[in-house]
Colleague: 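One structure, pasted below without further comment.
In what follows, every chain begins at residue 1, and chains take the letters A, B, ... in the order their sequences are listed.
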Protein chains: 2
Amino acid sequence: MNILEKITQSRAAFSKSEKKVADIILANPQSAIHSSIATLARMSDVSEPTVNRFCRRLDTKGFPDFKLHLAQSLANGTPYVNRHVDESDGPEEYTTKIFESTMASLEVARQSVDIQVVNRVVDLLTQAQKISFFGLGASASVAHDALNKFFRFNVPVVYFEDILMQRMSCMNSSEGDVVVLISHTGRTKSLVEIAQIARMNDAIVVGITSKDSPLANECTYVLSLEVPEDTDMYMPMASRIAQLTLIDVLATGFTLRRGNKFRENLKRVKDTLRGSRYEKRNE
Amino acid sequence: MNILEKITQSRAAFSKSEKKVADIILANPQSAIHSSIATLARMSDVSEPTVNRFCRRLDTKGFPDFKLHLAQSLANGTPYVNRHVDESDGPEEYTTKIFESTMASLEVARQSVDIQVVNRVVDLLTQAQKISFFGLGASASVAHDALNKFFRFNVPVVYFEDILMQRMSCMNSSEGDVVVLISHTGRTKSLVEIAQIARMNDAIVVGITSKDSPLANECTYVLSLEVPEDTDMYMPMASRIAQLTLIDVLATGFTLRRGNKFRENLKRVKDTLRGSRYEKRNE
DNA sequence: GCATAAGTTGTAATTTTACTACATTTTGTG
DNA sequence: CACAAAATGTAGTAAAATTACAACTTATGC
C-alpha cells in the first residue's frame, strides 16, 4: 500500500516531532529518499532517533526500509487516479484528468477480467459459424468497432444499430452462432430481450457487461468489467474504453488461436488498403 | 528508466563476477532490496567491493542508491510498457500485454496533446452551427462514438460512414460549420479529399490524425496524437483508444464551456433513458 | 496546584553497513 | 614467457543507523 497516503492518513496519530518529519517528507518526498537519517533529522529539526521512530510507526523495519517503501510509492510518478473533472478546471487540467482517469479505469478493468472466461470466449469465437455484435447508445460504437476487427478475419460478422434488425437477426440465429452483447449497465431492456431471443434460438450469448446485471443473468458467458463509476459528466467514458480494450483482447486471442498462416492472411488484408492511401515518404 | 531491464541489457558488458551478482539479483530482485551489501556479496560469492562496483557500473551512486532504483522498478505500479504480443502467449499474457500497451499509449498520447489546440477546438465546437465527424475503417467507430457524445449536447451533429455521403455533406457545408476528420495515419486518400472539399466550402476542418501527414496539411487545426506503433497484430488498436479519449476531452471541454445550466440539461437527457432500463435494485 | 506517571524527545555509545585504498590474482598480448 | 591491464579481494576507515538510557514535557489524580 502506498506509504505516502499512509503518512497523510495517520498524521493525526503522530506526535508533535513526528508531524514535523511527516511534513518535511510530504513536502519533498523525492529528496527524502536521497537523504540520510541525519540530514532528514536536521531538516525536520528533530533528533535522529525520532526519525527512526517515525519510520517504525509506519510499520517499516527502520529508516532504510522506509526509504525503500517511499521509493516504491514514488516509482510510477503518480499512480493514475480517477479524479473527477471540476467546473473550474482549465484545458490543461481536464485533459490530464480524463487521460489519467481512463488509464486508472483500464488498470481496474484489467484486474477484474476473468482470464478463464476470456479464453473460453475466444474458443467459442474461433469456432463460431456467425458472430454478431450488438450494443445500444454508447456501446453501439463499441460493437461497431468489433465489427471492424472481426471483419478482417474473414468470418461472418454481423452488426446492427437498429433494435429491430438486432431482434430479427437473433431470431434467425442457430446453433454455432455467437452473439456478443455489449452494455455497461446491463440494464437496457431491449438488449436483455435480445439475449433471451438469441438463447431461445440456440445461439451462445456472450455479455460484455457488469456483473449480476439483468443482462448478465441472461448470458451464457459473461465478461464482466468492473469499471469505476464514470465521471460526473453524465456520459459513459471509461467503461467504453475498457470494453474496446477487451474487444482488442478477444481479437488478439482469436488471431493467436488461428495460428501463423492466418496472420499472414491478415497482413494481406492490410496491404490491400495501401492503394487507398498516400505512400509514406521515406524519412 | 527501469533498472532491471538495464541489468539485462548491459549483461554483456559485465565482468565475470559482476555477472554473478546480476544473476543473483535478477533471480530474486525482491529479496535483493532487503539484503545488505554483505549478504548479497556472500550469496553471489564475490566480495563486497565487487557488488559496489557493479552498482556504479549501472550509473547509481552506490549500493543504497542502487537498491532505491531496484525498489522503484519493482513497485507494483511499474510503468506500463508497450510489449508486443508473442505467438506463444497464453490468455493471461496477451490480456495483460494489451491492457498495459493501451495504457502506455495513452500516457504517450497525453503528453503529445497540444493543450492550446484542444482549447481552440473546444472554442470552435461550442460556436459551431453544425458539427460533422467522419472517419473510415477503424476510425469510423471513433466518429460514431463522437456522434453519440455530441448528440446529447443538442447541437446539430452529423456522422456518415459512407464516403459519398461524407462528400455530399461537406459540399453543403458553410461558414460556421466544423468538420472533424479522424484518421490514424492521415494518409487515406478519400479523407484528404473530404478535407479539401470542406475547406473550399468555408468549413473549419479539424484533424485528429498524425502530425505532418497529408491529411494534417489540409486541416485548419490539427490535434495530433503521437501514439506508439500499433502492435504486430495488423490492426489499429492503441491509436483508436487515444482518439476516443481525445474525443472525451473535447466533449468534456464542451460541457464545461457551456456552463452549469447546460449540464443540468445533460442530466435530463440521461434521465430520459431510465424508462428503457431495468431499475437498479437497492443494495 | 502539586506530585507522579505516561509519553515524548534528545544524547551518547554501539553496531551495522558501505566505501576506499591498496594488495593480489587473473587475463590478455607482444 | 613476460609484462601490462583488468579484475577481484582484503583490510581498514568512514558513515549511517540503531539502541539504551537520560532528560524533558504533558496529562491526570488527589
Colleague: Mind listing the residues from residues 48-57 of chain A sitting with a heavy atom below 4.0 Å of DNA chain C? Number order is fine.
Modeller: Pro49(A), Thr50(A), Arg53(A)
Colleague: Which residue lies toward the 5' end of DNA chain C, Lys16(B) or Phe63(B), if each is placed at its nearest nucleotide?
Modeller: Phe63(B)
Colleague: Can you check the Lys19(B) NZ to dT8(D) C1' distance for me, whole Å?
Modeller: 15 Å
Colleague: Output the rounded distance in Å from CD (Glu18(B)) to P (dT26(C)).
Modeller: 18 Å
Colleague: For Ile33(B) and dT17(C), what is the distance between atoms CD1 and P respectively, to the nearest whole Å?
Modeller: 16 Å
Colleague: Rounding to an integer number of Å, can you tell me how far Lys20(A) NZ sits from dT8(C) P?
Modeller: 15 Å
Colleague: Step by step, work out the side chain to side chain contact (heavy atoms under 4.5 Å, CB included) result for Thr245(B) and Arg110(B).
Modeller: CA-CA 9 Å; Thr245(B) 310; Arg110(B) 180 178 74 91; over 6 Å; no
Colleague: Is there a donor in the side chain of Ser47(B) and an acceptor in the side chain of Thr50(B), or the other way round, less than 3.5 Å apart?
Modeller: yes
Colleague: In a check of side chain to side chain contact (heavy atoms under 4.5 Å, CB included) between Phe54(A) and each of Thr60(A), Ile25(A), Val46(A), which one passes?
Modeller: Ile25(A)
Colleague: Any side-chain donor paired with an acceptor under 3.5 Å for Ser36(B) and Thr39(B)?
Modeller: yes
Colleague: If you compare all heavy atoms of Lys149(A) against all heavy atoms of Ala251(A), which two are closest, and at what distance to 0.1 Å?
Modeller: CD-CB, 3.6 Å
Colleague: Lys67(A) has a side chain; which of dA17(D), dG10(C), dT17(C) sits nearest to it?
Modeller: dA17(D)
Colleague: Taking only side-chain nitrogens and oxygens of Ser15(A), does any of them come within less than 4.0 Å of OP1 or OP2 of dT9(C)?
Modeller: yes
Colleague: Starting at CD1 of Ile37(A) and ending at C1' of dT16(C), how long is that distance when rounded to a whole Å?
Modeller: 13 Å
Colleague: State, without any angle test, whether Arg57(A) and Asn52(A) hold a side-chain donor-acceptor pair at a distance under 3.5 Å.
Modeller: no
Colleague: Just the rounded figure in Å: distance from P of dA16(D) to NZ of Lys61(B).
Modeller: 12 Å
Colleague: To the nearest angstrom, how far is Asp65(B) atom CG from dC19(C) atom C1'?
Modeller: 14 Å
